[in-house]
Protein chains: 2
Amino acid sequence: MPALSRRERPAKPALTREGIIDAAVRVMESDGLQRVTMRRLAQELDTGPASLYVYVANSYELHAAILDRLLAQVDLTAAKDAADWREALHEVLGSYTDLLFAHPSLAHSAVHTHPDGPHYLALVDSLLGLLAAGQVPAGQAAWGVDLLLQTATATAAEHANDSKDGNAEAAFRRLNEAVDNASAQQFPNLHAHGVDLLSGTPSERRRWAFDMLINGIIATARP
Amino acid sequence: MPALSRRERPAKPALTREGIIDAAVRVMESDGLQRVTMRRLAQELDTGPASLYVYVANSYELHAAILDRLLAQVDLTAAKDAADWREALHEVLGSYTDLLFAHPSLAHSAVHTHPDGPHYLALVDSLLGLLAAGQVPAGQAAWGVDLLLQTATATAAEHANDSKDGNAEAAFRRLNEAVDNASAQQFPNLHAHGVDLLSGTPSERRRWAFDMLINGIIATARP
DNA sequence: ACCTGAACACCGTTCAAGT
DNA sequence: ACCTGAACACCGTTCAAGT
């Protein structure tokens, strides 16, 4: 009964670029970006790894595509509130950062991905609009947006390895110890600052960082 | 003639942690960090990969060790010039950035490496000293140093994939096109800023970024 | 204690051959 | 044009067995 089995088991949909990216996002969501490999994806799509190369140039491009797909989830609604532009900036950047914090290994790859997809452009456009609302000169706003996004991305990427073992805690403890042991002679400034270096909750530090960047962007004329 | 061959061909020195890191730096210098693998190192040291695990916990720890070794090369002499603290800050940060630019793949791994080696501590100590010379309150200086180093690291890491093919040029061209095509309706701010986004030489942008960060750090009180 | 062979469980990418 | 099997050239890490 070939007709029946053809209707009832369309198990293997045709390969498409979108289908591959869908599968990639699915695997990332469930197993992390480490598992988003050409071979694993091929297995997921019931084919061989070579077949994917018809639709995707290489694994770097695949990661970039996943990133743009995810960027669709950044909440840009706050960007309409030009009156409270500074707070809106915090909200948009916060939404972007939260997204990357949920997928630190993607953040890690985002550090060297130069995105150019529609969702990335929309994000940049929103940030530029908010800086314009704050009367920030266009030149410094343009360069500033780059730094705002870079900081958000790098901050999330820093935590890419934290999940493995007690990696995060161990690293924190080691640094803490190193700072404590810093002698007044060898590292006078480290010694003097002590706890300041490791103080604050992540969200306090994040908010301060964005504030600091906004202030810097406002205060610094382009060459 | 066993005695002779023992004296003349001490080909295989005993394995040590330092020896492994030496070999790692050598391989990185000649073939890039991609090639610094446990297996390649084992081959280099004329042994099997399993042997390395006596001295190194895993490949992440190995990368961290390479980074600290390299950090010894950061030029901190400018840090003594407290009078011209701002320029000294540029010089120390520039030296750090240059180092990472020479090894972008190491920069990439540095984004999620929490260093705690002596050379890293010396670098942080210098930066803290210069900010103190500039009368920056201790609390904001401590948080600020983190951001200064993060920006330098992330900037270098962005270029980690540029060497492959004409990756950098292609990415620049695509983004340029995307910005050009941004319609006034869909992306009004992108449309308005146009060239500003991609203007400036890398060193102009880098200097502006550090200036901007310093200004922001000075201007932003801790919570 | 230190070292190792061999194995386990994977990778990305290419290319000739098929449909 | 699209798809694939098979191969090439690699990975990190573990573990039982040796010295």
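- At whole-Å resolution of the value, CZ in A/R17 and C1' in D/dC2 are 17 Å apart.
- The salt bridge (Lys or Arg N to Asp or Glu O under 4.0 Å) contacts involving residues 143-153 of chain B comprise A/R205-B/D146, where partners must be two or more places apart or lie in separate chains.
- Rounded to an integer number of Å, the gap from NE2 of A/H63 to C1' of C/dC11 is 12 Å.
- In terms of the salt bridge (charged side-chain N to carboxylate O under 4.0 Å, His left out) criterion, A/E177 has no residue partners (sequence neighbours excluded).
- In this structure, A/R35 places its CZ atom 7 Å from P of C/dC10, rounding to the nearest Å.
- Only the P atoms considered, D/dC10 is 23 Å distant from C/dA9, to the nearest whole Å.
- Rounded to whole Å, the distance from CG on B/L41 to P on D/dC10 is 15 Å.
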With 3.5 Å as the limit, what N/O pairs link the protein to nucleotides 16-19 of chain D?
none

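- Annotation: salt bridge (Lys or Arg N to Asp or Glu O under 4.0 Å) contacts involving residues 90-113 of chain A, sequence neighbours excluded, comprise A/D98-A/R206.
- Here the side chains of A/L89 and A/F210 are not in contact, with every heavy-atom distance at 4.5 Å or above.
- Partners of A/E29 by side-chain hydrogen bond (donor to acceptor under 3.5 Å, both in side chains), not counting sequence neighbours, listed by chain and number: A/H103.
- For residues 184-196 of chain A, every residue pair satisfying the side-chain hydrogen bond (donor to acceptor under 3.5 Å, both in side chains) rule, not counting sequence neighbours, is listed here: A/N189-B/D125.
- Checked against salt bridge (charged side-chain N to carboxylate O under 4.0 Å, His left out), B/D75 has no partners two or more places apart in sequence or in another chain.
- Evaluation of the salt bridge (Lys or Arg N to Asp or Glu O under 4.0 Å) test over residues 31-45 of chain A, restricted to residues two or more places apart or in two chains, returns A/D31-A/R40, A/R40-A/E44.
- We find that CG of B/L33 is positioned 13 Å from P of D/dC11, with the value rounded to whole Å.
- For residues 56-68 of chain B, the pairs satisfying salt bridge (Lys or Arg N to Asp or Glu O under 4.0 Å) are B/R17-B/E61, with sequence neighbours left out.
- For A/Q140, the side-chain hydrogen bond (donor to acceptor under 3.5 Å, both in side chains) test picks out no residue, with sequence neighbours left out.
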Could you write out each protein N or O paired with an N or O of nucleotides 12-15 of chain D at a distance under 3.5 Å?
from: D/dG12; atom 1: OP1; to: B/M38; atom 2: N; distance (Å): 3.2
from: D/dG12; atom 1: OP2; to: B/M38; atom 2: N; distance (Å): 3.1
from: D/dG12; atom 1: OP2; to: B/R39; atom 2: N; distance (Å): 3.3
from: D/dG12; atom 1: N7; to: B/R39; atom 2: NH1; distance (Å): 2.7
from: D/dG12; atom 1: O6; to: B/R39; atom 2: NH1; distance (Å): 2.5
from: D/dT13; atom 1: OP2; to: B/Y53; atom 2: OH; distance (Å): 2.8
from: D/dT13; atom 1: OP2; to: B/S59; atom 2: N; distance (Å): 3.2
from: D/dT13; atom 1: O5'; to: B/Y53; atom 2: OH; distance (Å): 3.3

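- With rounding to whole Å, A/Q34 atom CD is found 15 Å from D/dC11 atom C1'.
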DNA chain C in dot-bracket form (Watson-Crick or G-U pairs under 3.5 Å, [ ] crossing, | inter-strand) is ||.|||||...|||||.||
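- The heavy-atom pair separating B/A178 from A/L121 by the smallest distance is CB-CD1, 3.8 Å.
- Taking atom CG of A/L15 as the reference point, atom P of D/dT4 lies 6 Å away to the nearest angstrom.
- If you measure from atom CD1 of A/I20 to atom P of D/dC2, you get 12 Å, rounded to the nearest angstrom.
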